[in-house]
Amino acid sequence: MEEEEEQVAMEPPKIHRLDESVVNRIAAGEVIQRPVSAVKELVENSFDAHSSSINVVVKDGGLKLIQVSDDGHGIRYEDLPILCERHTTSKLSSFEDLQSIKSMGFRGEALASMTYVAHVTVTTITKGQLHGYRVSYKDGVMENEPKACAAVKGTQIMIENLFYNMSARRKNLQNSADDYSKIVDLLSRFAIHHTSVSFSCRKHGAGRADVSSVATISRIDAIRSVYGVSVARSLMKVEALDNDPSSSVFQMDGFISNSEYVAKKITMVLFINDRLVDCTALKRALEIVYAATLPKAAKPFIYMSIVLPPEHVDVNVHPTKREVSLLNQEVIIEKIQSVVESRLRSSNETQIFQEQTVEPPSSSQMISSKDSNRNPTPSGSKSQKVPVNKMVRTDSSDPAGRLHIYLHAESRGHLEKNTSLTAVRSSVRQRRNPKETADLSSVQELIADIDSNCHSGMLDIVRHCTYIGMADDVFALLQHDTHLYLANIVSLSKELMYQQVLRRFAHFNAIQLSNPAPLKELIVLALKEGDTDPESTENDELNEKIAEMNSELLKQKADLLEEYFSIHIDKDGNLSRLPVILDQYTPDMDRVPEFALCLGNDVDWEEEKKCFQVISAALGNFYAMHPPMLPNPSGDGLQFYQKRKLFRNNEGSLSCNTGADDMMTEDEIEHELVAEAETAWAQREWSIQHVLFPSMRLFFKPPNSMATNGTFVRVASLEKLYRIFERC
């Protein structure tokens with residue numbers, strides 16, 4: 001008996017085929033090693049979609065939530081069923097395509113892998129679609145049919161409960177702070193290379209972004225914005241080029257730190273053919289050069305971008321594409337090492353010490369007469385020490401202490417090499433405000449009224465303020481000099497849009513509506529919304545007549561609206577085009593009915609000046625950055641998205657309650673509506689920060705009325721705060 005048991009034990013184990021779900025989960029764990037791996041894959045997909053703006057939101061280091069939103073070309077509806085299947089991709093069709101691949105992704109594994117270790121939701125809209133689609137995926141397949149939904153341009157991918165079914169992996173990644181810092185570092189590296197893309201990365205629920213960069217033409221500006229002034233100041237340009245086919249063919253450009261940069265560890269940002277990769281051999285070679293040349297600055301900051309022919313790079317050598325293999329790698333590294341060593345030795349021969357000067361304070365008047373009693377420092381006089389209660393921590397020209405983005409004027413020594421901020425602003429003004437304004441005296445009079453009614457003190461605030469963040473749904477916090485202000489965003493944006501309509505008069509670009517909107521139906525809808533009882537049908541006949549009359553009137557005025565305001569109404573009474581008033585901004589289309597009713601009802605078409613003024617004001621109100629129709633889901637606003645819960649009372653009858661005593665659960669929240677609302681509110685805040693305030697600095701002329709009507713309210717003054725604390 002014992003001999004039989006021993007014989008059975010010695011038999012080799014039987015080989016069997018693993019279940020497909022087990023295979024996929026194993027593969028997923030290799031591709032998505034930690035939250036930062038998922039972020040990298042999603043952001044690279046956004047690059048492949050030709051996005052110009054990428055926003056990342058992270059919760060609990062990415063284990064609870066990773067949300068990546070872009071404004072790329074979106075995903076076609078017919079591709080959604082196979083979107084998350086393994087090895088489905090639009091990047092290549094044959095193995096030979098790998099030899100010339102230029103896209104970031106190519107295997108078709110990333111999204112599929114995420115669906116096996118997390119809950120994935122995709123919201124997307126393509127050009128020309130009236131609405132987007134939202135669909136959830138699990139284990140590579142759709143959980144349900146795509147649902148139509150409101151969506152902004154591009155794609156939003158939401159990864160929830162990452163590694164929920166891999167307990168060991170999840171326990172090892174509980175240090176969310178460490179994982180979030182890795183994600184911030186990843187986005188920072190992308191931001192300084194892809195300078196034509198705006199990046200934002202923040203924790204879920206945080207008002208301030210930890211990475212916030214805007215598109216720029218200057219690499220050094222991008223580095224300054226992300227890594228700070230001290231890093232950017234200590235960098236030197238480095239370039240290398242080789243066109244010898246017998247040895248190597250490559251081009252390298254980048255920035256390396258000089259002897260003034262001192263850090264505890266090396267920072268090396270390396271892109272090869274626009275791919276963020278690691279190259280241990282190159283990193284080690286450069287460390288050796290620094291240790292020998294600048295021993296006190298042996299832990300440098302290095303940014304390098306190397307471009308090689310695609311056929312000289314093998315991108316398919318690592319599961320996460322973190323490494324690549326280069327043809328003639330040793331030769332390339334040796335030449336780069338030689339160039340860097342030469343650059344460091346030449347820079348070490350002479351050191352340049354930058355002189356810091358204190359600019360005289362501005363003599364522009366402030367709102368209050370007390371603030372205007374400042375005398376500028378005489379030219380050439382010795383700079384005076386600034387009292388602590390007059391010290392400005394944050395302003396629009398000095399990046400120190402900025403909360404969101406950095407705006408920089410180039411140093412005087414670099415004006416010949418780099419385009420100055422003033423020149424950039426000048427070119428923007430010329431592009432956005434063509435001089436060939438329609439030669440109509442009525443429009444010129446309206447513009448002259450704006451210029452003559454401008455409040456000089458508030459103009460200085462608008463030109464030099466720093467955006468801090470939103471205080472509530474309507475008011476934003478601004479800092480100017482030593483004062484803190486609340487500014488009404490709706491009023492400011494409405495007036496800015498009105499002024500821009502007049503300055504761009506007859507020179508608009510156009511927004512093409514994907515589906516023409518019937519004016520009659522829009523006006524009926526607006527009239528319905530204005531009724532005290534929208535459900536009532538009592539006024540339907542009257543509303544139909546009013547809508548018919550107004551739509552006929554607007555069809556008669558279609559030529560005027562098209563020529564001067566780029567508002568296109570076809571012969572059937574359909575609205576098909578709207579003007580672009582601010583670049584990179586599209587108005588809330590939920591307000592189109594109100595705008596159509598205003599055009600038909602409020603415009604005096606007989607008097608030219610009044611006609612143009614009312615149409616411009618109507619456009620200003622339509623394009624103003626109103627709060628979205630959906631309530632803000634943060635804070636108390638979440639109660640609007642709670643489903644009503646049925647329960648039995650003591651008498652055995654059914655009743656409804658949504659109070660706190662019902663022990664609300666996740667299932668009782670309208671998650672799709674919440675996600676839609678969060679997107680709308682986030683998009684609005686992004687537009688306020690990155691579109692509205694930069695445009696205000698360039699174009700806005702605040703009218704005198706804004707000084708007294710509550711549009712600007714000063715809420716704190718550093719000098720007064722010091723007086724209060726001195727009494728204590």
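All values reported here derive from a predicted model rather than from experimental measurement. Residue numbers run from 1 in the order of the sequence given.
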Is there a donor-acceptor pair closer than 3.5 Å between any side-chain N or O of [X] and the backbone N or O of [Y]?
X: Arg697; Y: Cys465; value: yes
X: Tyr585; Y: Tyr623; value: yes
X: Ser225; Y: Asp221; value: no
X: Asn543; Y: Leu527; value: no

Close side-chain approach of Ser576 to Gln512, heavy-atom, < 4.5 Å: yes
Side chain to side chain, Val443 and Tyr564, heavy atoms closer than 4.5 Å: no
Considering the options Thr155, Asn45, Val43, Asp70, which one meets the side-chain contact (heavy atoms from CB on, under 4.5 Å) requirement together with Ser51?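 With Ser51 as partner, Thr155, Asn45, Val43, Asp70 yield a single side-chain contact (heavy atoms from CB on, under 4.5 Å), made by Asp70.
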Assess whether a salt bridge exists between [X] and [Y], defined as any Lys/Arg side-chain N lying under 4.0 Å from an Asp/Glu carboxylate O.
X: Lys520; Y: Glu552; result: no
X: Glu562; Y: Arg577; result: yes
X: Asp570; Y: Lys555; result: no

Would you give me the side-chain donor-acceptor pairs under 3.5 Å for residues 602-611, sequence neighbours excluded?
from: Asp604; atom 1: OD1; to: Glu606; atom 2: N; distance (Å): 3.1
from: Glu608; atom 1: OE2; to: Ser442; atom 2: OG; distance (Å): 2.6
from: Lys609; atom 1: NZ; to: Glu445; atom 2: OE1; distance (Å): 3.4

For the atom pair [atom1] ([X]) and [atom2] ([Y]), what is the distance rounded to the nearest 0.5 Å?
X: Ile523; Y: Asn550; atom1: CD1; atom2: CG; answer: 4.5 Å
X: Leu42; Y: Ser46; atom1: CG; atom2: OG; answer: 7.0 Å
X: His455; Y: Ile461; atom1: NE2; atom2: CD1; answer: 8.5 Å
X: Gln499; Y: Asp449; atom1: CD; atom2: CG; answer: 11.5 Å
X: Leu478; Y: Ile468; atom1: CG; atom2: CD1; answer: 7.0 Å

Pairs involving residues 144-156, ordered by first then second residue, that meet salt bridge (Lys or Arg N to Asp or Glu O under 4.0 Å) (sequence neighbours left out): Lys147-Glu672
Summary of salt bridge (Lys or Arg N to Asp or Glu O under 4.0 Å) pairs that have at least one residue in residues 467-477, sequence neighbours excluded: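 For residues 467-477, and leaving out neighbouring residues, there are no salt bridge (Lys or Arg N to Asp or Glu O under 4.0 Å) pairs at all.
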Go through the side-chain N and O atoms of Gln156 and Thr679 and say whether any donor and acceptor fall under 3.5 Å apart.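 Gln156 vs Thr679: donor-acceptor pair found between side chains.
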Report the relative orientation of the aromatic rings in Tyr133 and His131; use parallel for angles under 30°, tilted for 30 to 60°, perpendicular for over 60°. perpendicular
Does the plane of the ring in His194 sit parallel, tilted or perpendicular to the ring in Phe47? Use 30° and 60° as the thresholds.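 The rings of His194 and Phe47 lie parallel, inter-plane angle below 30°.
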Looking at the rings of Phe565 and Phe505, which for Trp means the six-membered one, are their centres under 6.0 Å apart? yes
Please walk me through it: do Phe190 and Val211 pass side-chain contact (heavy atoms from CB on, under 4.5 Å)? CA-CA 11 Å; Phe190 278 137; Val211 176; over 6 Å; no
Heavy-atom closest contact ([X] atom, [Y] atom, distance):
X: Arg503; Y: Phe699; answer: NE-O, 4.5 Å
X: His626; Y: Asn621; answer: NE2-O, 2.8 Å
X: Asn509; Y: Ser566; answer: O-OG, 3.9 Å
X: Ala677; Y: Pro631; answer: CB-O, 3.9 Å
X: Val214; Y: Ser198; answer: CA-OG, 3.6 Å
X: Ala596; Y: Leu522; answer: CB-CB, 4.2 Å

